[in-house]
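Proteins get letters first, then strands, A, B, ... in listed order; numbering begins at 1 in each.
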Amino acid sequence: MPPYDFCLTAAAAVNFRVQHGTNFFDGTYFKKLLNLDNQTYFTRVHSIGTIDHPQLQIEITGNTINDQSTGAVTERLSWILDTTTDLSPFYQAVAQSPTLVPLVNNLKGLHITHTNSVFEGLILAILGQQINSKMAHTFSYHLIETYGQIFKMGGDVYYSFPKATTLADAGINGLKAIKLNRQKADYIASIACAVALNQLDLESLHNKSDEKLVISLLNIRGVGLWTAQWLLIKSFGRNDGFPHNDLALIRALTTLLKEKDLLKPEQVLKHSQRWIPFRSYVTTYIFAAIRSGCLN
DNA sequence: GGCCAGGTTCGCT
DNA sequence: AGCGAACATGGC
């Protein structure tokens with residue numbers, strides 16, 4: 001759905017690095033080792049269109065390639081790369097907001113990429129709590145390298161996201177081994193255990209309203225307001241997630257609004273009311289601006 | 001070297 | 001209910 005800037009969107013999926021989580025982007029090919037229905041597929045996507053006439057080409061490698069699995073993988077990649085959302089309602093709404101106009105114009109065609117699974121989004125979010133983004137990246141790399149499934153292709157090595165059962169088996173000690181503190185190791189191990197034992201069905205939360213979804217997420221130990229709002233955006237594809245206590249977001253808005261003193265979370269939340277119901281986009285565009293160096 | 005980082009929980013008033 | 005401490009590691 002145009003406008004769709006494949007390069008920008010894929011770069012955002014890896015936080016403007018080569019790799020983030022199990023997503024890879026080298027400037028041309030978006031690559032991912034994808035877990036789907038207990039199978040693993042190596043997928044490669046690149047653009048053969050333009051921003052205004054987007055067209056993506058997908059290559060799939062795996063043991064069980066047929067019409068059905070090809071359709072399922074294509075659909076999942078469409079979710080991950082958000083190929084079907086129409087951005088124009090957001091662009092129309094934001095045109096009323098001088099604060100955001102320059103920033104959004106700079107990032108035209110950026111879509112919100114999603115995590116392959118809620119589990120993946122949740123674990124990555126917990127890894128990213130409190131610490132800076134470079135450390136979060138290091139942690140996710142260690143986690144995947146240690147506990148993900150390996151796949152070699154053309155001299156390159158790829159990893160899929162670790163399964164809940166693997167992380168449950170690793171336990172707190174196995175997670176502390178990759179330099180996580182006891183708290184994070186504890187959160188992740190207990191979530192992985194609950195998922196592995198079918199006590200926690202994260203995917204079933206897709207059916208809930210935003211409000212009930214947040215309540216369910218907050219019930220999970222290790223999930224606070226920031227993580228719940230972040231998952232709304234990245235793992236549930238909702239339009240109005242807003243982690244108003246996020247330190248980087250607060251600093252960015254303090255700069256954008258030309259405030260002298262650091263805004264308080266409550267002030268950020270109050271100001272954001274004008275962006276309802278598009279705050280997932282606002283958040284995504286601000287973070288993209290930060291990561292691409294347009295904003296400090 | 002010290003200070004701080006894209007939070008969350010727990011224990012204490 | 002509201003506040004502060006602990007968490008532990010890497011980067012600047």
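At least one side-chain heavy atom of A/T84 sits less than 4.5 Å from a side-chain heavy atom of A/S78.
Closest to the side chain of A/F287, from the set B/dC10, B/dG6, B/dG7, is B/dG6. The listed nucleotides are B/dG7, B/dG6, C/dT9; the one nearest the side chain of A/R291 is B/dG6. The side chain of A/Q130 lies closest to B/dA5 when the candidates are B/dA5, B/dT8, B/dC10.
What separates CG of A/L217 from C1' of B/dG7 is a distance of 15 Å, to the nearest Å. When rounded to the nearest whole Å, the span between CE of A/M135 and P of B/dC4 equals 16 Å. Separating the CG atom of A/N219 from the P atom of B/dT9 is a distance of 10 Å, rounded to the nearest angstrom. Remark: C1' of C/dT9 and CG of A/L175 are 15 Å apart, rounded to the nearest angstrom. For the pair A/I220 CD1 and B/dT9 P, the computed distance is 10 Å after rounding to whole Å. Protein atom NZ of A/K134 is 8 Å distant from nucleotide atom C1' of C/dC12, rounded to whole Å. Separating the CD1 atom of A/I250 from the C1' atom of B/dA5 is a distance of 13 Å, rounded to the nearest angstrom. Rounding to whole angstrom units, CH2 of residue A/W230 and P of B/dT8 are separated by 13 Å.
Counted within 6.0 Å of CD on A/Q57, heavy atoms from surrounding residues, nucleotides or ligands total more than 12; the atom is thus considered enclosed.
The separation of C/dC7 from B/dG1, taken at their P atoms, amounts to 23 Å, rounded to a whole angstrom. For C/dC3 and B/dG6, the P atoms lie 24 Å apart once the distance is rounded to whole Å.
For A/R251, a side-chain nitrogen or oxygen approaches OP1 or OP2 of B/dG6 to under 4.0 Å.
Between A/Y158 and A/F24, the distance from one ring center to the other falls under 6.0 angstrom. For A/F6 and A/F25, the ring centers sit closer than 6.0 Å to each other.
No contact: A/F139 has no heavy atom under 4.0 Å from any strand. Across all strands shown, A/L218 has no heavy atoms under 4.0 Å from either base or sugar-phosphate atoms. Here A/L180 lies out of heavy-atom contact (under 4.0 Å) with every strand. A/L249 comes within contact range of no nucleotide atom at all, as no heavy-atom separation falls under 4.0 Å.
Under 4.0 Å is where a charged nitrogen must lie from a carboxylate oxygen, and between A/K208 and A/E203 no such pair does.
For A/Q129 against B/dT8, a side-chain-to-base donor-acceptor contact under 3.5 Å is absent. Put simply, the side chain of A/Q229 and the base of B/dG6 share no donor and acceptor less than 3.5 Å apart.
For A/W226 and A/N132, each mapped to the nucleotide of DNA chain B holding its nearest heavy atom, the one lying further toward the 5' end belongs to A/N132. Take the nearest nucleotide of DNA chain C for A/T138 and for A/I131: the residue whose nucleotide is more 5' is A/I131.
A side-chain contact (heavy atoms from CB on, under 4.5 Å) with A/H111 holds for exactly one of A/L81, A/D5, A/L87; it is A/L87.
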